[in-house]
Amino acid sequence: MLDVNIDGVEQAVSTGSLPEWGRVDDLVVAAHERNSTCQDGSVADYIPELAQADPELFGVCVVDVDGGEHAAGDAAAEFSIQSISKAFVYALVCEEFGHQAIADLVGVNNTGLAFNSVIAIELNDGHPMNPMVNAGALATTALMRGLTAADQWEAIKSGLSSFAGRELELDQVVYRSEAATNTRNRAIAGLLESYGRIKRPPLEVVDVYTKQCSLRVSARDLAVMAATLADGGVNPVTGVRVVSAQVCRDTLAVLAANGLYERSGEWLFEIGLPGKSGVAGGLITIAPGKAGIGTFSPRLDQAGNSVRGQQATAYLSRVLGLNIFASAAKQPKDNTLNVD
Ligand code: GLN
């Protein structure tokens, strides 16, 4: 890993604020309305139960770091969290093991390949590369606190519930459907074991991972979870600290690089914020120090990212002034370029 030589350096944060309340409300409604007729993409069907989703459902929710909520459409409809769980399990494991250990063990670099790629593991000598693709997520879940797989599952369920500020439940139907068909994830876990990257029984690790992916959430839950990452690790609705501010910073960096799989570069270019998608159609986006955004719409692009979720978020990022790369000149200057 890079030696950044910052021992003893005090950390300051860069924040800002959202526009006034009524305007955020209007813009969330507009984000929903202007994208509601889009039919692009298709519902995931490689997990049989996900193919049953109603493709018309569409919810948008913004929760600010004061706990205020702005919602439009089907923001209360529930669905399985899927890969978005990876972000929060990573944060919980990072809280336990710290910045460096997880960076060394699991990695933080983009694979440039699909979320369930086996080639990515082989190309990198068995290294899982990052916790947001299946290989790295399985390696991360394997590190979760707990003596048995059942203990690990309980710790994950209760940790993700703290992020959401309510008790999340397992979707038994989705869990059974994925457990019966997840041969590829079993192969990935076996491969990781062969490279010494997971120390627990691989099938148990896959089972805990499948359960974490099957937790039921709504777009509103996702917005609260995202807002907790935007608020230095404190859930702004319950006031409970879930993880440290350092863990949030690390998690957001990993999401910025990897949250939308092989489309992460395009996402950052258009939206300019860390985000994470899941194949059931959920999407979280984090505006550090300002707010969390949760969207739900089941039709996905080729990489497995919700189409309308990305469109609604792109709109909100622009109109709410959230893109972390956007700046304006502090002093008005004349428009001629000075090339001296
Ligand atoms: N449970 C799913 C899987 O492992 C999650 C994938 C996703 O949301 N991209 O295939």
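One is the number of the first residue; the rest follow in order along the sequence. Both counts, for ligands and for their atoms, begin at 1 and track the order of listing. Because only heavy atoms are used, hydrogens play no part in the values below, and waters and symmetry mates are left out as well, while side chains stay in.
With values rounded to the nearest 0.5 angstrom, Phe163 atom CZ is found 13.5 Å from Ile84 atom CD1. In this structure, the separation between CG on Leu160 and CG on Leu92 is 6.5 Å, given to the nearest 0.5 Å.
For ligand 1, none of its N or O atoms has an N or O atom of Ile47 under 3.5 Å away.
Of the possible donor and acceptor atoms, one in the side chain of Thr140 sits under 3.5 Å from a partner among the backbone N and O of Gly136.
When non-hydrogen atoms are compared, ligand 1 lies under 4.0 Å from neither the backbone nor the side chain of Ile84. Looking at Arg184 against ligand 1, nothing comes within 4.0 Å, counting heavy atoms.
In this structure, Asn185 is part of the shell of residues with a heavy atom less than 4.0 angstrom from ligand 1. For the ligand labelled ligand 1, residue Gly304 lies outside the 4.0 Å heavy-atom shell.
Atoms of ligand 1 found under 4.0 Å from any heavy atom of Gly278 (numbered from 1 in listed order, with element): 8 (O). Numbered from 1 in the order shown, with element, the atoms of ligand 1 that lie under 4.0 Å from a heavy atom of Tyr261 read 7 (C), 8 (O), 9 (N). Interface atoms of ligand 1 facing Cys213, defined by a heavy-atom separation under 4.0 Å, are 1 (N).
For atom 6 (C) of ligand 1, the closest heavy atom belonging to the protein is Ser83 OG, 3.1 Å. Nearest non-hydrogen protein atom to atom 10 (O) of ligand 1 is Tyr46 OH, 2.5 Å. Ranking protein heavy atoms by distance to atom 4 (O) of ligand 1, first place goes to Tyr209 OH, 2.7 Å.
For Phe58 and Phe296, the gap between ring centers reaches or exceeds 6.0 Å.
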For Ile271 and Asn323, what are the C-alpha separation, side-chain angles and deciding distance, and is it a side-chain contact (heavy atoms from CB on, under 4.5 Å)? CA-CA 6 Å; Ile271 283 101; Asn323 189 319; over 6 Å; no
Under the criterion salt bridge (charged side-chain N to carboxylate O under 4.0 Å, His left out), I'd like the reasoning laid out for Arg299 against Glu56: C-alpha separation, chi angles, the key distance, then a yes or no. CA-CA 8 Å; Arg299 290 196 199 90; Glu56 299 310 327; 2.7 Å; yes
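Residues Arg263 and Asp301 are paired through a salt bridge, judged by an N-O separation under 4.0 Å between the basic side chain and the carboxylate. Note on Glu167 versus Lys157: salt bridge recorded, some NZ/NE/NH1/NH2 to OD/OE distance being below 4.0 Å.
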